[in-house]
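Presented below is the structure to which this report refers.
Keep in mind it's a predicted model, so treat the numbers as computed, not measured. The residues of the chain are indexed from 1 along the displayed sequence.
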Amino acid sequence: MSKLLIPTDFSPVADNALKYAMDMATQYQLDILLFHVVQISATDISNVVYVDVMADVHKHATEKMNEKIQVLSAQYPHLVFEHKVSDGLFIDALQEVCDDQKPVAVLMGITGSGQGIDKIIGSNAIMAMNNLKFPLIVVPKNAYFRSVNKICFACDLKNVATSTPLLAIKVFAKLFNSEIHILNIDYKNRNYTADTPSEIEVLNAMFDQIVHKFHFIENENVQDAINDFIESNEMDMVIMLPKKHGFFESLFKKSQTKEMLYQSQIPVLALQQY
């Protein structure tokens, strides 16, 4: 059976993401794999004394994980729970367990504006979004689960045949039984070329087995346009391509990716291109 992998640091933000994941798992018949990393820094690795301390930390984390699984299993008897505690660098440990378990998606929480403890919580989600070679769902701090009926996919209409993660989009559209709303944002035809009409035709053909609609908006600010569209059209999830250049260039080069994640009121589905 397909499963959701939920990294947790046992914080309220992680618990909210876990609640979202359990409701999603209930709705779409998925299993839950709860995962905790006892994180090790480069300094820790070089400190021999730290080995004994890490053993105690790992033991404590395992006990805490077992207690949590017992509570969750009692609260959600219809769900299948698995759990794992690993040591190491967060992103490496997360990638390793993904390679082994092959979850349908990793689901993480994010909070705040990148200040203080929020910065630590947010940094792991940002790191995973930019590096993890598996689909990642980032859940905002106060988000609650609702059926994923409409997904926003912002697209620059350039090289769509090679740059669109079609298989992954099809997987999630089928899993959620959702519509894909393809959003293109331009301003005074700055990005319109002679190839644009044919790119639209190609993308339309690629999505022929998916319920989809095109939306064309004129706005100079890409981030504002996406947020306004999501709110006014009541989107349930938004797809982002972290490695995509061009359309999202202003977001990623100016480090506004973090702002979009922190400000988003709906989950962000990050899909990598490989």
Using the rule given for side chain to side chain contact (heavy atoms under 4.5 Å, CB included), can you reason through Leu34 versus Ile69, listing the C-alpha separation, both sets of side-chain angles and the distance that settles it, and then say yes or no?
CA-CA 8 Å; Leu34 196 58; Ile69 290 296; 4.1 Å; yes
To the nearest 0.5 Å, what is the distance between [atom1] ([X]) and [atom2] ([Y])?
| X | Y | atom1 | atom2 | result |
| --- | --- | --- | --- | --- |
| Lys213 | Glu179 | NZ | CD | 5.0 Å |
| Ile217 | Tyr187 | CD1 | OH | 14.5 Å |
| Ile239 | Ile182 | CD1 | CD1 | 9.5 Å |
| Phe153 | Phe172 | CZ | CZ | 13.5 Å |

Going by heavy atoms in the side chains, are Val238 and Leu269 under 4.5 Å from each other?
no
Could you tell me whether [X] and [Y] make a salt bridge, using a distance below 4.0 angstrom between a side-chain N and a carboxylate O?
| X | Y | result |
| --- | --- | --- |
| Glu82 | Lys3 | yes |
| Lys64 | Asp9 | no |
| Arg190 | Asp186 | no |

Ring centres of [X] and [Y] under 6.0 Å apart?
| X | Y | answer |
| --- | --- | --- |
| Tyr144 | Tyr20 | no |
| His215 | Phe229 | yes |
| His212 | His181 | no |

Contacts of Asp228 that satisfy salt bridge (Lys or Arg N to Asp or Glu O under 4.0 Å) - sequence neighbours left out:
none
Quick one: list whatever passes salt bridge (Lys or Arg N to Asp or Glu O under 4.0 Å) with Glu201, sequence neighbours left out.
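Once residues adjacent in sequence are excluded, Glu201 has no partner under the salt bridge (Lys or Arg N to Asp or Glu O under 4.0 Å) criterion.
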Could you walk me through whether Gln39 and Leu89 satisfy the side chain to side chain contact (heavy atoms under 4.5 Å, CB included) test, starting with their C-alpha distance in whole Å, then the side-chain angles of each, then the deciding distance to 0.1 Å, before giving a yes or no?
CA-CA 5 Å; Gln39 297 193 56; Leu89 302 175; over 6 Å; no
Within the side chain of Asn221, is there an N or O that forms a donor-acceptor pair under 3.5 Å with the backbone of Asp224?
yes
Is there a donor-acceptor contact under 3.5 Å from the side chain of Asp23 to the main chain of Phe145?
no
Pair Leu72, Leu18 - check side chain to side chain contact (heavy atoms under 4.5 Å, CB included), show working.
CA-CA 10 Å; Leu72 295 175; Leu18 176 58; 3.7 Å; yes
Sorted by first residue and then second, give each side chain to side chain donor-acceptor pair (under 3.5 Å) pair with at least one member in residues 87-98; sequence neighbours left out.
His58-Asp87, Gln95-Asp99
